[in-house]
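What follows is one structure encoded as structure tokens, with my remarks underneath.
In the text below, chain A, chain B and the rest are named by the order of the sequence lines, each starting its count at 1.
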Amino acid sequence: MTARTAAERIRKAIALVNAVEDGAGDEEITPTEIAEAIRDCLELSDVDRVTNVRRYLGEALDAVSDGMPADFVAMTLYAALGALQEGSPGT
Amino acid sequence: MRSAEGRGRTLDEAVDAALIELGESRRNVDVKVLSEGSEETVVEVTVIEAESAAAAAPADGKGEMARTLVEGLLKHMGIRAQVTTRQGSEPTTLDISGRDLGALIGWRGETLRALQSVTNVMVGRHLGEGERIIVDVERYRQRREHTVREIALRAARQVKMTGDAITLDAMQPFERRAIHLALEGDPEVTSSSIGEEPERRVVVGLRKPAAG
């Protein structure tokens, strides 16, 4: 597993959240699916190699559980993605 | 308000023709598609008057608040750009214009999307349930919607000619939505989405005749 895989999984979680907000009109996405996508990210060891990535992902998961607005979840996931990219040159 | 009609083989060509006539850049105009066909596309391009846009902004308190916030964010990011509230848009849309704003759009609009999320979180408590602020840079979203609409119509034409379904490239939700909306009125073709985010794709195929 690489930081690239972690970035791809975070992007997938972000895409799910965005699909909810944009109302693509072609899918029904549940909070459970978003939470699963975030848990998939947390399973990777790479999220521990860069400071704060696991913390942001944990906050995003909590936000989904607490029913926070999709934009808040997305912002926290973007923070995780940003931290991962800053801490992993070349991803 | 100045406007001009433009004609061309594609949407871009038609818009460019009107822009040349008006002597304006894309960032200062509104584009309305009058007709779109296999041979020719006709658009009406209207110049957005800067003064009227600025005058309209204070009437919308939420829009003005979001505009000020985004302006402040951009300043902190060291980006020199102008932020205006788009007139008559629902939901409220902020337009960011300036030079070299490609970095603000990012890969497949990722940075723009992140900026929009931050903006909505910051003004969220002042917005009603389900209400959102849309952030656009150099009309990127609008241009992408026009482009995917054109892709959808082209795909529909091909499907009608060959009878074979076409799977389009992976797209963002707002782009897929634009395709579904563009084709929903066509009695001969239908659109559906397959795959998982972020690789979800639209398939355009022939509409099956209703049973009975």
Determine whether a donor-acceptor pair (N or O, by modelled atom type, separation under 3.5 Å) exists between the side chain of [X] and the backbone of [Y].
X      : Y      : value
A:R54  : A:V47  : no
B:E13  : B:R9   : yes
B:R201 : B:T167 : no
B:R143 : B:E138 : yes

Is [X] salt-bridged to [Y], cutoff N-O under 4.0 Å?
X      : Y      : value
B:D136 : B:R86  : yes
B:R67  : B:E71  : yes
B:R154 : B:E150 : yes
B:D100 : B:R80  : no

Quiz item: Does the side chain of B:L104 come within less than 4.5 Å of B:L74's, by heavy atoms?
Solution: yes
Practice problem: With the side chain counted from C-beta on, respond yes when A:V17 and A:V20 share a heavy-atom pair under 4.5 Å apart, and no when they do not. | Solution: no
Quiz item: Considering only heavy atoms, which portion of B:R132 lies under 4.5 Å from any heavy atom of chain A: side chain, backbone, both, or neither?
Solution: side chain
Quiz item: What part of B:E175 is in contact with chain A, defined as an atom under 4.5 angstrom from a non-hydrogen atom: side chain, backbone, both or neither?
Solution: neither
Practice problem: Could you check which of A:V73, A:I14, A:D71 has the highest count of heavy-atom pairs closer than 4.5 Å to chain B? | Solution: A:D71
Practice problem: Please list, in residue-number order, every residue in residues 115-122 of chain B that has a heavy atom less than 4.5 Å from any heavy atom of chain A; write 'none' if there are none. | Solution: B:S117, B:V118, B:N120, B:V121
Quiz item: chain B contacts: which residues in residues 75-83 of chain A have a non-hydrogen atom closer than 4.5 Å to it?
Solution: A:M75, A:Y78, A:L81
Exercise. Carefully, step by step, assess A:D46 and A:R49 under the rule salt bridge (Lys or Arg N to Asp or Glu O under 4.0 Å).
Key: CA-CA 5 Å; A:D46 289 282; A:R49 289 190 194 154; 2.8 Å; yes
